[in-house]
Number of protein chains: 2
Amino acid sequence: MDRFLSSYVHNVDAKGRVSIPSSFRQVIHNRGIRELFAMRSLSQPAIDVGGPELMEHYEKRMEAVDPFSDLYQELAIYAYGDGAYLKTDSEGRILMTDFIRSHTGITDRVTFVGVKNSFQLWAPERFEAFRGALREKLRERLPSLRGAAAPVETPE
Amino acid sequence: MDRFLSSYVHNVDAKGRVSIPSSFRQVIHNRGIRELFAMRSLSQPAIDVGGPELMEHYEKRMEAVDPFSDLYQELAIYAYGDGAYLKTDSEGRILMTDFIRSHTGITDRVTFVGVKNSFQLWAPERFEAFRGALREKLRERLPSLRGAAAPVETPE
DNA sequence: TTGACGCCCATGGATGCCCATGTTATCCCA
DNA sequence: TGGGATAACATGGGCATCCATGGGCGTCAA
């Protein structure tokens, strides 16, 4: 149990709080993650959430770039400036800040989507649409999958 | 928690004061920074703020240019010429001086942007525009950065 | 003297912490 | 095997505290 798996829809309460699915909390604990870091996904209206590795991923990327170039500076602004720490309360809930809401369109419900080493936050409707489109696309691209045992299906 | 991370928008009051985000004050304290130094960013309409390492960073950055060229001189004057120590008041606020305002366009609101070892001051509108453009640029330039699955277009 | 700046106090809103409730999944025992 | 007891979890609300913000006043310097 060390991978973020499956998806869950949770409610946002009047204070803007949402419970992190308990299985995700397990994974967070098992991985020894102390601080949750959040970033806007580049290509999707979703927020990526994970531990420090999430940031290290970009740092590695940046090592290949001249540290004194504009590109490096820009990557730094993106990686560090366009993210946020997510503080959890004593019950394991996180706050849906404007930072999250404006990028995802989340209002009163959130879909948590496990993506192996990290998980994502989506507005449920958008995620449904995305998942549908994704399935189509994969069906076209990977026809060999069709015969197999419903490999593209995602648990509710 | 020893890195300047995330971004915050704060108001400038009638006296020109702005609160430094408390998380940044934490970082300043944790790093043992006693004096904050501010200088013009070389590539953006922003002010870079940090401890003594900030100056070293600039110097290294400028070494990419021939240190005996006119350009080097000009960059030095540009960055250091109006640089200033930022005094904080007893509440942890700094003053938006004309030096800061003229370079950034800041009037009544400021965006604090964490960039790991230092942070920046931006006019919120300009930062939003910059961030948007940057996302576009990175999305094209680093297509492999994101993508748990195949890239699929999603309505924004 | 006048304005800039440092220091103090006031306040409202946001945030974190604690406890309460209902629902669901799990387990145990008859 | 069915049903009740139990534990885990999502959710809600109250309250204390921190923090961003605003205003007053004294001091120092031009």
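Quick note: numbers below take in every heavy atom, side chains included, and nothing from hydrogens, waters or symmetry partners.
Between B:R131 and A:D82 there is a salt bridge, since at least one side-chain N of the basic residue sits less than 4.0 Å from a carboxylate O of the acidic one. Of the charged side-chain nitrogens involved, at least one lies within less than 4.0 Å of a carboxylate oxygen, so that B:E53 and B:R31 count as a salt-bridged pair. Using a 4.0 Å cut-off between charged nitrogen and carboxylate oxygen, B:E136 and B:R139 count as a salt-bridge pair. Looking at B:D2 and B:K116, no side-chain N of the basic residue comes within less than 4.0 Å of a carboxylate O on the acidic one, giving no salt bridge.
Between the side chains of A:Y80 and A:E59, at least one donor N or O lies within less than 3.5 Å of an accepting N or O. No side-chain donor from either of A:E74 and B:Q44 sits under 3.5 Å from a side-chain acceptor of the other.
Per the geometry, CG belonging to B:D13 stands 13 Å off P belonging to C:dG6, to the nearest Å. In this entry the distance linking OH of B:Y85 with P of C:dC5 reads 19 Å, nearest Å. Taking atom OH of residue A:Y8 and atom C1' of nucleotide C:dT24, one finds them 15 Å apart after rounding to whole Å. Between the NZ atom of A:K15 and the P atom of C:dC17 there is a distance of 12 Å, given to the nearest Å.
Side-chain contact between B:V49 and B:M39 is absent, with no heavy atoms from C-beta onward closer than 4.5 Å.
Of the residues near DNA chain D, A:V12 and B:V18, the one whose nearest nucleotide (by heavy atom distance) lies more toward the 5' end is A:V12. Mapping A:V9 and B:Q26 onto DNA chain D by nearest heavy atom places A:V9 at the nucleotide closer to the 5' end.
Checking B:W122, B:F24, B:F112, B:F119 one by one against B:Y8, the ring pair (Phe, Tyr, Trp, His ring centres under 6.0 Å) holds for a single residue, B:F24. Partner B:V12 forms a side-chain contact (heavy atoms from CB on, under 4.5 Å) with one of B:T107, B:V110, B:L95 and no other, that one being B:V110.
Terminal axes of the helix from C:dT1-D:dA30 to C:dA30-D:dT1 (five pairs each, C1' rotation axis) are separated by 20°, to the nearest 10°.
Along DNA chain D, read 5' to 3', the first and last nucleotides having any atom under 4.0 Å from a heavy atom of chain B are D:dC19 to D:dC25.
The cluster map of Ile, Leu, Val, Met, Phe, Trp and Tyr, joined by side-chain heavy atoms under 4.5 Å apart, puts A:I33 and A:L121 in the same cluster.
Across all strands, A:S22 comes closer than 4.0 Å only to sugar-phosphate atoms, never to a base (heavy-atom distances).
Across every non-hydrogen atom of A:Y58 and A:A79, the tightest pair is CB-CB, 4.0 Å.
Against DNA chain C, the stretch residues 87-102 of chain A makes heavy-atom approaches under 4.0 Å through A:K87, A:S90, A:E91, A:R93, A:L95.
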